[in-house]
Novice: 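Quick one: the structure is below, questions incoming.
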2 protein chains.
Amino acid sequence: MTTVSHALSGKGIVAESTRARVIDTARRLRYRPNAVASGLRSNRLGILALVLRPLDTLESFQPEGVDYFLRFAGAASLSALEHGYGLMLLSDPTLPETPSVALAADGFIITEPVENDPVIDLLQTEGIPLLTVGKDLGRPSYDAWIEPNTAKITRQVLHHLEENGARRVAIAVGTDRNSWNISSEASYREWCSERGQEPLILAQRETSGTAGGRAIGEELLGMADRPDAVYCLTGRHAAGLMARLAESGVGTPDDMLLVAGSDSEQTRNSVPPISAVDLEPEVLARAAVAALVKQLGGEPASGQAGTDGRFIIRGSSTRL
Amino acid sequence: MTTVSHALSGKGIVAESTRARVIDTARRLRYRPNAVASGLRSNRLGILALVLRPLDTLESFQPEGVDYFLRFAGAASLSALEHGYGLMLLSDPTLPETPSVALAADGFIITEPVENDPVIDLLQTEGIPLLTVGKDLGRPSYDAWIEPNTAKITRQVLHHLEENGARRVAIAVGTDRNSWNISSEASYREWCSERGQEPLILAQRETSGTAGGRAIGEELLGMADRPDAVYCLTGRHAAGLMARLAESGVGTPDDMLLVAGSDSEQTRNSVPPISAVDLEPEVLARAAVAALVKQLGGEPASGQAGTDGRFIIRGSSTRL
DNA sequence: ACTCTTGCCCAAAACGTTTTGGGTGATTAC
DNA sequence: GTAATCACCCAAAACGTTTTGGGCAAGAGT
């Protein structure tokens, strides 16, 4: 048995001739090692778990405007397979109905954890390795994360708006206390203070969709010193915002420049199409899986930027 | 040990007081049964696997136009969790690099298997329960499937086109030999013969995207007795087709009525928007998971229609 | 001639559950 | 008063691997 195990796993020392014989016989007998038994003994099942946190607050896996997450999940799954792991899609594992197999995963990827995320607490007490996509702001010393280079992306967008004639740029963020919202806002504030400008920050819940975007538009319309550009993190907000402004005769891009922080169906298909940052979830997902696998192999974790994003300039932020 | 096992799983006969004491103690000690050990003994891991077959032929998990599958995966995942299972996303498990944990799943869902799908062969020789979404046409007697009610949907679409003035309807199908393509075509032929019409069937590879749609448009433009309506199964084809026709002055819906067989980003956002059948992947996914779980529980499998689709009428098929 | 490696193989223990097959004392049936 | 039935609990086996700790030749070093 030992020899077979070694021959098939490539671990111990087995004569090449013996290994060949074992492998051949195994094929002939259609023998495949039982992954569960092997998992029990070696304490390694070969499964990664993916928890898309923002979807736990939405009414579950709606497709519209959340294609970011679906692209992420698909790419993560393929990447996991390439590393020899299966990928299990989970929702919040702190919920009592969670199947016990959830915690049997070898490691977790948590996207956009909330501040002091209880999911992370659970995994840490269980001793399960994890990696977050986007920092947990309540754990500044926690080091296993990967995220877009938000500072760079924010500055790039703001620079673009300025170059296209914006005199005063507002930012519209979501209300979730996650790394993306907070760092984007911080970078924006920094940029404003460099220019001696008063920051203008509008917030709407992520879940509010285009209606939330309309509410932002409403707010802007009511302002005496209305800004002439908005960097709106959520694609759905951006679309709603643009629609609301248009209804009151404030045109994009003529009267208002607009950029969305995350590309989505809505930003691509509005009229005019909305400039947006493609956060390249595929790139991020592959990086996250690779980092987690490395961590499972014993290497120490370390936070890093996984993508600089791809800024797609469309009609909403360029005047001809 | 037996008593604890029984108390926690609710299986054997345990005095209520004992059970309470066990549960309480378990909580105090933060004891959780090890899913892998339990899986080894009981031969039931608590994981379902999902193989989205059409994505194995695409260049892997592209989001555009395949939101059907992503909606399916999300809904399947949630539904699996509700049934106490985790859901593992896999690509073709017959590939040699497949992690061995793939075959440790308790059951498989295979969407749109190809004819005589080798994945099904593999699972059957391994004795792993499976359910297909869309029949495998090479296995007429195989009974564990669920699929949209293609016949009903096709007739509904054709009826709608006829009602809106179509005199001659063509169908544009994909080239994959899967149940959707074949049954749609069969229903279409039947409908034609009922009317004594000559069927006109155009085929393009699914992977060709909007370019394939343009090719269909090209073909139509070259025809002397051009039909005045097209039922185009793939949303991306429909969008490309409409764009190509428009370039040659053939307007939709004025000169050509158009309906897509599967709703997607492209059909929603074309100008005019394209009428389409929403195949309700969420409904199908939930039905598939429920049926598979039932099958795992020992009940016999039986094929059935999972959804009648939701026909969304838009501008491309209605003349004012 | 003797130890010491080295290369290879093997028996047995271990992983943490579930299941099997009793076992015990209390209640009921005759 | 004995047997039968229950309700409950328990010891030990079993699931299919990996890992541990030798063991046995053959060659190398002295």
Side-chain angles (χ1 to χ4, degrees), chain A residues 1-47 49 84-86 98-107 123 125-129 296-298, chain B residues 1-47 49 84-86 98-107 123 125-129 296-298:
Chain A
M1 282 170 68
T2 311
T3 305
V4 172
S5 175
H6 284 163
L8 294 179
S9 72
K11 273 196 175 162
I13 310 169
V14 183
E16 204 35 69
S17 63
T18 312
R19 152 167 297 131
R21 204 151 49 90
V22 166
I23 289 179
D24 185 64
T25 309
R27 191 189 343 264
R28 221 162 19 84
L29 300 177
R30 283 180 172 36
Y31 167 82
R32 293 174 199 273
N34 178 317
V36 178
S38 135
L40 173 60
R41 182 61 237 240
S42 60
N43 206 18
R44 176 194 169 290
L45 228 201
I47 291 188
Y85 288 85
T98 305
S100 65
V101 71
L103 296 178
D106 298 340
L123 296 177
T125 66
E126 295 287 327
I128 302 174
L296 293 179
Chain B
M1 284 168 69
T2 311
T3 305
V4 172
S5 175
H6 284 162
L8 294 179
S9 72
K11 272 197 175 162
I13 309 169
V14 182
E16 202 37 67
S17 63
T18 312
R19 151 166 298 134
R21 202 150 51 89
V22 167
I23 290 179
D24 185 65
T25 309
R27 191 189 342 265
R28 218 160 22 83
L29 300 177
R30 282 181 176 30
Y31 167 82
R32 293 174 200 271
N34 177 318
V36 178
S38 137
L40 174 59
R41 183 59 238 242
S42 59
N43 204 18
R44 176 195 171 288
L45 229 202
I47 291 188
Y85 288 84
T98 305
S100 66
V101 71
L103 296 179
D106 298 341
L123 296 178
T125 67
E126 295 287 328
I128 302 173
L296 293 179

Novice: Atom CE of B:Met1 and atom P of C:dC15: how far apart are they, to the nearest Å?
Specialist: 12 Å

Novice: With the side chain of B:Thr3 defined as its heavy atoms from C-beta on, choose the nearest nucleotide among D:dG16, D:dC10, C:dT19.
Specialist: D:dC10

Novice: Determine: side-chain N/O of B:Thr18 to OP1/OP2 of D:dC8, distance under 4.0 Å, yes or no.
Specialist: no

Novice: Could you tell me the separation between the CZ atom of A:Arg44 and the C1' atom of D:dG16, rounded to a whole number of Å?
Specialist: 17 Å

Novice: Which one, C:dC10, C:dT17, D:dT18, comes nearest to the side chain of B:Asn34?
Specialist: C:dT17

Novice: Rounded to the Å, how far apart are B:Ile13 CD1 and C:dT20 P?
Specialist: 14 Å

Novice: For the residue pair A:Gly86 and B:Pro99, what are the closest heavy atoms and their distance?
Specialist: N-CG, 4.3 Å

Novice: Can you check side-chain contact (heavy atoms from CB on, under 4.5 Å) on B:Leu123 and B:Leu103, steps first, answer last?
Specialist: CA-CA 8 Å; B:Leu123 296 178; B:Leu103 296 179; 4.1 Å; yes

Novice: Please give me the minimum heavy-atom distance between A:Ala104 and B:Val36, naming the atom from each residue.
Specialist: CB-CG2, 3.9 Å

Novice: If I take atom CZ in residue A:Arg19 and atom P in nucleotide C:dG7, what distance separates them, rounded to the nearest angstrom?
Specialist: 14 Å

Novice: Between P on C:dA13 and CG on A:Leu40, what's the gap in Å once rounded to a whole number?
Specialist: 17 Å

Novice: Within less than 4.0 Å of OP1 or OP2 of D:dT18, is there a side-chain N or O belonging to A:Thr2?
Specialist: no

Novice: Of all the choices, D:dC9, C:dT19, C:dC9, which nucleotide is nearest to the side chain of A:Ala15 once you look at every atom?
Specialist: C:dC9

Novice: Hey, is the side chain of A:Ser5 poking within less than 4.0 Å of OP1 or OP2 on D:dT18, counting only N and O atoms?
Specialist: yes

Novice: Could you tell me how far apart A:Arg21 (CZ) and C:dC8 (P) are, to the nearest whole angstrom?
Specialist: 13 Å

Novice: Whole angstroms only, please: what is the CG-P distance between B:Leu45 and C:dG16?
Specialist: 16 Å

Novice: For B:Ser17 and A:Ser38, find the nucleotide of DNA chain D closest to each by heavy atoms; which residue's nucleotide sits nearer the 5' end?
Specialist: B:Ser17

Novice: Kindly say if B:Lys11 contacts the phosphate of C:dT19, meaning a side-chain N or O under 4.0 Å from OP1 or OP2.
Specialist: yes

Novice: Is there a donor-acceptor pair under 3.5 Å between the side chain of B:Ser5 and the backbone N or O of B:Met1?
Specialist: no

Novice: To the nearest angstrom, how far is B:Leu103 atom CG from D:dG16 atom C1'?
Specialist: 16 Å

Novice: Across the strands shown, which category fits A:Val14 at heavy-atom distances under 4.0 angstrom: base, sugar-phosphate, nothing?
Specialist: sugar-phosphate

Novice: So what does B:Arg32 touch, heavy atoms closer than 4.0 Å: a base, only the sugar-phosphate, or nothing?
Specialist: sugar-phosphate

Novice: Using every non-hydrogen atom in the two residues, find where B:Asp106 and B:Leu45 come nearest and quote the distance to one decimal.
Specialist: OD1-N, 2.8 Å

Novice: Please confirm whether any donor atom in the side chain of B:Arg41 sits under 3.5 Å from an acceptor in the base of C:dT18, or the reverse.
Specialist: yes

